[in-house]
Amino acid sequence: AQTTDKKVNEVTPALFAVAPNAARLAEVPIDEIHRLIRQVGLAPQKAKALSGLGQMLTERHGGQVPADFDELIELPGVGRKTANVVMAQAFGVPAFPVDTHIHRLAKRWKLSSGKSVEQTERDLKKAFLVGSYLMKVDVVVAGIDELLDPLEVAVGVGTADDALGY
């Protein structure tokens, strides 16, 4: 992962103090957003995306996060994984966020051909009942990074992929 959840949770209170809503986020200069989030990976790109996110949410969605997957992935800085997390967590819609670790594990466990993240997402949705994978994904998404960081230290390898044998 480029940035741990722990680091994001340390950085976001200062950002939210300055920009508590989309309209205010749209007004904050990119260099100020960057200063507030500089500790996270790819901070310059994320600062630009956050600024654009605030603008787009304000201009196109009345400052509200859209409850539509296709509208979510049009937002700056939002990809399939994030859109799936938002759909599941904010709107209670069954979703299966797939990151690179889930993608590789699904292929390794023969749950998917692994040709693309999108294909893996479709295959995993088929493998789990619609009502059941919403909660399972919470465990997978929340647990994978929490497990891999200590695993890297315990095993003494350079990356989570090395620890998993990739």
Are side-chain heavy atoms of [X] and [Y] found at a separation under 4.5 Å?
X: Asn84; Y: Val93; answer: no
X: Val86; Y: Phe91; answer: yes
X: Arg80; Y: Val98; answer: no
X: Gln45; Y: Leu42; answer: yes
X: Leu72; Y: Asp68; answer: no
X: Ile33; Y: Leu36; answer: no
X: Leu75; Y: Pro66; answer: yes
X: Thr120; Y: Lys107; answer: no

Is it true that, when you exclude Gln64 itself, more than 12 heavy atoms of the residues, nucleotides or ligands shown sit nearer than 6.0 Å to its CD?
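No, because the 6.0 Å sphere around CD of Gln64 holds 12 heavy atoms or fewer from other groups.
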
Separation between [atom1] of [X] and [atom2] of [Y], rounded to the nearest 0.5 Å:
X: Arg38; Y: Asp31; atom1: CZ; atom2: CG; value: 12.5 Å
X: Glu27; Y: Ser51; atom1: CD; atom2: OG; value: 10.5 Å
X: His101; Y: Arg108; atom1: NE2; atom2: CZ; value: 13.0 Å
X: Leu25; Y: Met56; atom1: CG; atom2: CE; value: 13.0 Å
X: Met87; Y: Thr82; atom1: CE; atom2: OG1; value: 13.5 Å
X: His103; Y: Asp123; atom1: NE2; atom2: CG; value: 10.5 Å

Quick check: closest heavy atoms across [X] and [Y], and the distance to 0.1 Å?
X: Glu74; Y: Asp70; answer: CG-O, 3.3 Å
X: Ala83; Y: Phe69; answer: CB-CE1, 3.5 Å
X: Leu124; Y: Ala106; answer: CD2-CB, 4.0 Å
X: Val11; Y: Val40; answer: CG2-CG1, 4.1 Å
X: Pro13; Y: Glu10; answer: CD-O, 3.6 Å
X: Ala26; Y: Thr58; answer: CB-OG1, 4.4 Å

Could you walk me through whether Lys125 and Glu121 pass salt bridge (charged side-chain N to carboxylate O under 4.0 Å, His left out), step by step?
CA-CA 6 Å; Lys125 284 180 178 180; Glu121 181 184 320; 3.4 Å; yes

Are Leu53 and Ile30 connected in a single hydrophobic cluster, I mean Ile/Leu/Val/Met/Phe/Trp/Tyr linked by side-chain heavy atoms less than 4.5 Å apart?
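Different hydrophobic clusters.
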
For Thr12 and Val8, indicate whether the former's side chain and the latter's backbone hold a donor-acceptor pair under 3.5 Å.
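Yes, because the side chain of Thr12 sits within donor-acceptor range (under 3.5 Å) of the backbone of Val8.
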
Just by modelled atom types, is the Asn21 backbone N or O under 3.5 Å from a matching donor or acceptor in the Arg24 side chain?
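Not confirmed, Arg24 side chain does not pair with Asn21 backbone.
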
